[in-house]
Amino acid sequence: MRACDKKKGFKEKVLGVVSKIPKGRTKSYKKVALLAGNPGAYRAVGNILKRNRDKKIPCHRVIRSDGTVGGYNRGEKKKKEILKKEGAF
DNA sequence: CGTATGACGTGCA
DNA sequence: GTGCACGCCATAC
C-alpha cells in the first residue's frame, strides 16, 4: 500500500512529531528522531529543523539530551527564555 | 549527481 | 568539570 505509506519523508515526520510536543514539555533530538522512525538520524533532525524552522513547529521545545538548549535561529538565549517562560525549564 | 553542511551524541584527555 | 574530536544520517544546493 503505497497510499498508506508511512514513508512521509523523514523531514515531514520530524516536523510532525515536533509540532506534537505539548507546551511546557521539551524533547531531545534523539527522541524526536526515534519517534520519526530513525533513531540514528538525530543528526538530520537538527538539520531539518534549521532548514525548515516552520512557525508552526515549536522547534524551541527540542533540546539536546544533555539538557542544553542546543541552538536556535533566533539565538540560544531566546530559546532558553521561551522554555523558561513556558515552564519547560 | 555529488558535495558540504548541521540546532547531535558519545567517548576520551 | 571542561573541552575537543569523531561518527552518524538526512537535507539542501
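Just so it is clear, the model here is predicted, and its values are computed rather than measured.
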*Between A:R64 and A:D66, is the closest basic N to carboxylate O distance under 4.0 Å?*
yes

_Among A:K78, A:H60, A:K79, A:E81, which residue satisfies the side chain to side chain contact (heavy atoms under 4.5 Å, CB included) criterion with A:V69?_
A:K79

*For DNA chain B, which residues in residues 78-86 of chain A have a heavy atom at a distance below 4.0 Å?*
none

_Contact summary for A:A41 and A:A33, nearest pair of heavy atoms_ = C-CB, 4.0 Å

*Hey, is the side chain of A:Y72 pairing donor to acceptor with the base of B:dA7 inside 3.5 Å?*
no

What are the atom names and distances for every N/O pair under 3.5 Å that joins the protein to nucleotides 10-13 of chain B?
unit_1, atom_1, unit_2, atom_2, d
B:dT10, OP1, A:K30, NZ, 3.0

*Working to the nearest 0.5 Å, report the span between CG of A:N73 and SG of A:C59.*
6.0 Å

*Mind checking what makes side chain to side chain donor-acceptor pair (under 3.5 Å) contact with A:R61, not counting sequence neighbours?*
A:E86

*When clusters are formed by joining ILVMFWY residues with side-chain heavy atoms under 4.5 Å apart, either directly or through shared neighbours, do A:L49 and A:Y72 land in the same one?*
no

*Residues in side chain to side chain donor-acceptor pair (under 3.5 Å) contact with A:K30, at least two apart in sequence or another chain*: none

*Linking I/L/V/M/F/W/Y whenever any side-chain heavy atoms sit under 4.5 Å apart, do A:V45 and A:L15 land together?*
yes

Polar atom pairs between nucleotides 3-5 of chain C and protein, under 3.5 Å, N or O only, would you list them?
none

*Given side chains that start at C-beta, do those of A:L35 and A:K13 come closer than 4.5 Å, heavy atoms only?*
no

_Side-chain heavy atoms of A:N52 within contact of A:I57, under 4.5 Å_ = no

*Indicate for each nucleotide in nucleotides 6-13 of chain C, in 5' to 3' sequence, whether protein heavy atoms under 4.0 Å reach the base (B), only the sugar-phosphate (S), or nothing (-).*
-BBBBSS-

*Does a side-chain heavy-atom distance below 4.5 Å link A:I48 with A:F10?*
yes

*So, do A:V62 and A:T26 sit near enough that their side-chain heavy atoms are less than 4.5 Å apart?*
no

